[in-house]
Protein chains: 2
Amino acid sequence: MTDIDPGQTTERKRGSGVKLVYDLLRDEILDLKLEPGSAIDEVQLANRFGMSRTPIREALVRLAGEGLIETLPNRSTMVSNIDFLGMPAYFDALVLMYRVTTRLAAQYHRAEDLKIIRVHQTEFSAAVAAQDALEMIATNAAFHSAIAAAGRNAYYFGFFDRLLGEGRRMLRLYYQSYDDRLPQRFVEEHEEIIAAIEARDIAAADRLGKAHGEQIVEQIGRLLTRNDRLDLEL
Amino acid sequence: MTDIDPGQTTERKRGSGVKLVYDLLRDEILDLKLEPGSAIDEVQLANRFGMSRTPIREALVRLAGEGLIETLPNRSTMVSNIDFLGMPAYFDALVLMYRVTTRLAAQYHRAEDLKIIRVHQTEFSAAVAAQDALEMIATNAAFHSAIAAAGRNAYYFGFFDRLLGEGRRMLRLYYQSYDDRLPQRFVEEHEEIIAAIEARDIAAADRLGKAHGEQIVEQIGRLLTRNDRLDLEL
DNA sequence: TTCATTTCCGTTGTCGACAAAAAAAATACA
DNA sequence: TGTATTTTTTTTGTCGACAACGGAAATGAA
């Protein structure tokens, strides 16, 4: 709520303002620092970032394009609510994209792709060891995003990245209340996936991607049901 | 290039300007009335629509979000080029979405969905009979979009619609130079797909969706190779 | 008090203007 | 004549201001 730029007016490069606001707001939304349903005020943001409403507005339009905020005409714009009814559909799409991207990575990856994938896997492994749930979510997403990039299909990549963004919000919602220790199993499955990709074993990559996705869905399903039980008993 | 509103200033409802510009520009881009790579001038559009640059700009930001235009910082914004190198990736994604959406429609459709699907099929059939290539493209997309809607997965639906939009541009590019008579076979395949959906035969829907998609890809492939031959011989 | 009407207020949508950036044109220099 | 440098032009990015819209508060009638 405080100004980003108190005191003197910092010079900003022309055109950088929109990206600044967009990136920060996007992160705040996906990290649930901005609660779903909460209102977004343009003038407030303008003061906070020390700029006019125009670039703020452009950033908001972009976020609305990704469905991260909803804008009632002539009325307040607000952070989109998480669509719980749509979760089955979401997981269906997510698992399919896990499969497809992993399979394509096995088919079309190059040597340099594997290096990048391994870097992300190392970071994910460290996050699991540190039991840092938030970091796990981020590094896991980066890991699979790298795999999708290795598959060399821009359409799948774009779609998958959008799904992972949405998922970041859902996962964070649950992991912040229940800091469950995420199974070491995910790390091992990642290793298997890397091996299948490297061996260019398409069938194995497909199978592992599917299993890995369903594994995650199942994990979240457990969290959800436990959540329900708690709600009923209190 | 002429003003939309010559003479007197027509009253527009507050907030409707952006949608107006967005819809029209989107259509012009997808219908190839605006050539890929051609420059887009904001002031020119402002004059044409009789409004300020601000709403124009917002429409452009949205179009950029969908990848229909590209905006060089501080420099001209232009209609995105069609990515020919990415066509295999595109068709791969398209066929997959044909499969998935048809399959889900068989699984989750309701009675009212079939009515809508049939309406689009009737329109498509009429377009084929009239040998109106442009109308075929539009009605075919609407037909499959309706099937995707019946599948009740907002994520697939959104992704598929975006793919169909892109495809509209590619298809139009070829059908406008070679007004090939599109096979009656597509109409029949559509009928088979409808029957499979109505019978809730998931396996058949999956198979038909895949075959239908591959059929279209193959058709385009033929057009492309013929195009290449011509280029070489001239 | 309760409900309908009016007034006020906060927020968005749109506008015209100006400054910055980059290309294009013009000039200077060899 | 060809190249480097300056100037002009064109187009974008940002700003402050104002009107319109919708809700909230205030007012009035029963």
Side-chain angles (χ1 to χ4, degrees), chain A residues 1 3-25 29 34-35 37-65 67-80, chain B residues 1 3-25 29 34-35 37-65 67-80:
Chain A
M1 216 57 89
D3 287 13
I4 277 283
D5 180 14
Q8 70 182 17
T9 305
T10 308
E11 301 300 322
R12 239 192 311 279
K13 258 171 288 175
R14 179 187 170 86
S16 71
V18 179
K19 181 170 165 43
L20 190 83
V21 176
Y22 170 81
D23 286 337
L24 192 54
L25 275 187
I29 292 174
L34 289 179
E35 195 177 357
S38 62
I40 291 183
D41 185 5
E42 294 178 2
V43 288
Q44 195 172 319
L45 288 175
N47 293 1
R48 179 176 160 202
F49 287 99
M51 59 177 70
S52 162
R53 273 177 53 218
T54 311
I56 304 282
R57 210 138 207 293
E58 182 171 330
L60 291 184
V61 170
R62 279 215 249 163
L63 289 171
L68 291 181
I69 65 177
E70 283 167 21
T71 162
L72 289 288
N74 277 320
R75 213 61 136 15
S76 67
T77 85
M78 48 185 263
V79 180
S80 306
Chain B
M1 216 57 90
D3 288 12
I4 277 283
D5 181 16
Q8 69 185 19
T9 305
T10 308
E11 302 299 322
R12 238 192 311 278
K13 261 172 287 176
R14 179 186 170 85
S16 71
V18 179
K19 182 168 166 43
L20 190 82
V21 176
Y22 170 81
D23 287 337
L24 192 54
L25 275 186
I29 292 174
L34 289 178
E35 195 178 356
S38 62
I40 292 183
D41 185 5
E42 296 178 1
V43 288
Q44 195 172 319
L45 287 175
N47 294 3
R48 179 175 161 204
F49 287 100
M51 58 177 74
S52 163
R53 271 178 54 221
T54 311
I56 304 282
R57 212 140 205 290
E58 183 171 330
L60 292 183
V61 170
R62 280 215 247 163
L63 289 170
L68 291 182
I69 66 176
E70 284 168 20
T71 161
L72 287 289
N74 279 319
R75 217 66 205 111
S76 66
T77 85
M78 48 186 265
V79 180
S80 307

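Note on naming: letters A, B, ... go to the chains in the order of the sequence lines (proteins, then strands), and numbering restarts at 1 for each one.
If you measure from atom CZ of Phe49(B) to atom P of dC15(C), you get 13 Å, rounded to the nearest angstrom. Atom NZ in Lys19(B) sits about 19 Å away from atom C1' in dT14(C), given to the nearest Å. Between the CZ atom of Arg75(B) and the P atom of dT12(D) there is a distance of 8 Å, given to the nearest Å. Taking atom CD on Glu42(A) and atom P on dT11(C), their separation rounds to 10 Å, with Å as the unit. As rounded to whole Å, 13 Å separates atom C1' of dT10(D) from atom CD of Gln44(B). In this structure, NZ of Lys13(A) is placed 18 Å from C1' of dA19(C), rounded to the nearest angstrom. One can place CD1 of Ile56(B) at 15 Å from P of dT11(D), the figure rounded to the nearest angstrom.
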Test side-chain contact (heavy atoms from CB on, under 4.5 Å) applied to Val79(B) and Glu70(B), step by step: CA-CA 6 Å; Val79(B) 180; Glu70(B) 284 168 20; over 6 Å; no
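Taking every side-chain heavy atom of Ser52(A) into account, dG16(D) is the closest of dT12(C), dC15(C), dG16(D).
One finds the CG atom of Leu45(B) at 5.0 Å from the CD1 atom of Ile56(B) (value rounded to the nearest 0.5 Å).
Residue contacts for Ile40(A): at a heavy-atom cut-off of 4.0 Å it reaches the sugar-phosphate backbone alone, with no base atom in range. The residue Glu58(B) sits apart from the nucleic acid: no heavy atom pair falls under 4.0 Å.
In terms of modelled atom types and a separation under 3.5 Å, the side chain of Ser80(A) and the main chain of Gly67(A) share a donor-acceptor contact.
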Any N/O pairs under 3.5 Å between the protein and nucleotides 17-20 of chain D? List them or say none.
{"from": "dA20(D)", "atom 1": "O4'", "to": "Arg14(B)", "atom 2": "NH1", "distance (Å)": "3.3"}
{"from": "dA20(D)", "atom 1": "N3", "to": "Arg14(B)", "atom 2": "NH2", "distance (Å)": "3.3"}

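Residue whose closest nucleotide on DNA chain C sits further toward the 5' end, between Pro73(B) and Leu72(A): Leu72(A). With the nearest nucleotide of DNA chain C identified for both Thr77(A) and Thr54(A), Thr77(A) has the one nearer the 5' end.
With sequence neighbours left out, the salt bridge (charged side-chain N to carboxylate O under 4.0 Å, His left out) criterion links Asp41(B) to no other residue.
Using a 4.5 Å cut-off on side-chain heavy atoms (C-beta onward), Leu72(B) and Thr77(B) make no contact.
Smallest separation of non-hydrogen atoms from Arg48(B) and Leu24(B): NH2-CD2, 4.0 Å.
A side-chain contact (heavy atoms from CB on, under 4.5 Å) with Leu60(B) holds for exactly one of Ile69(B), Thr71(B), Val18(B); it is Ile69(B).
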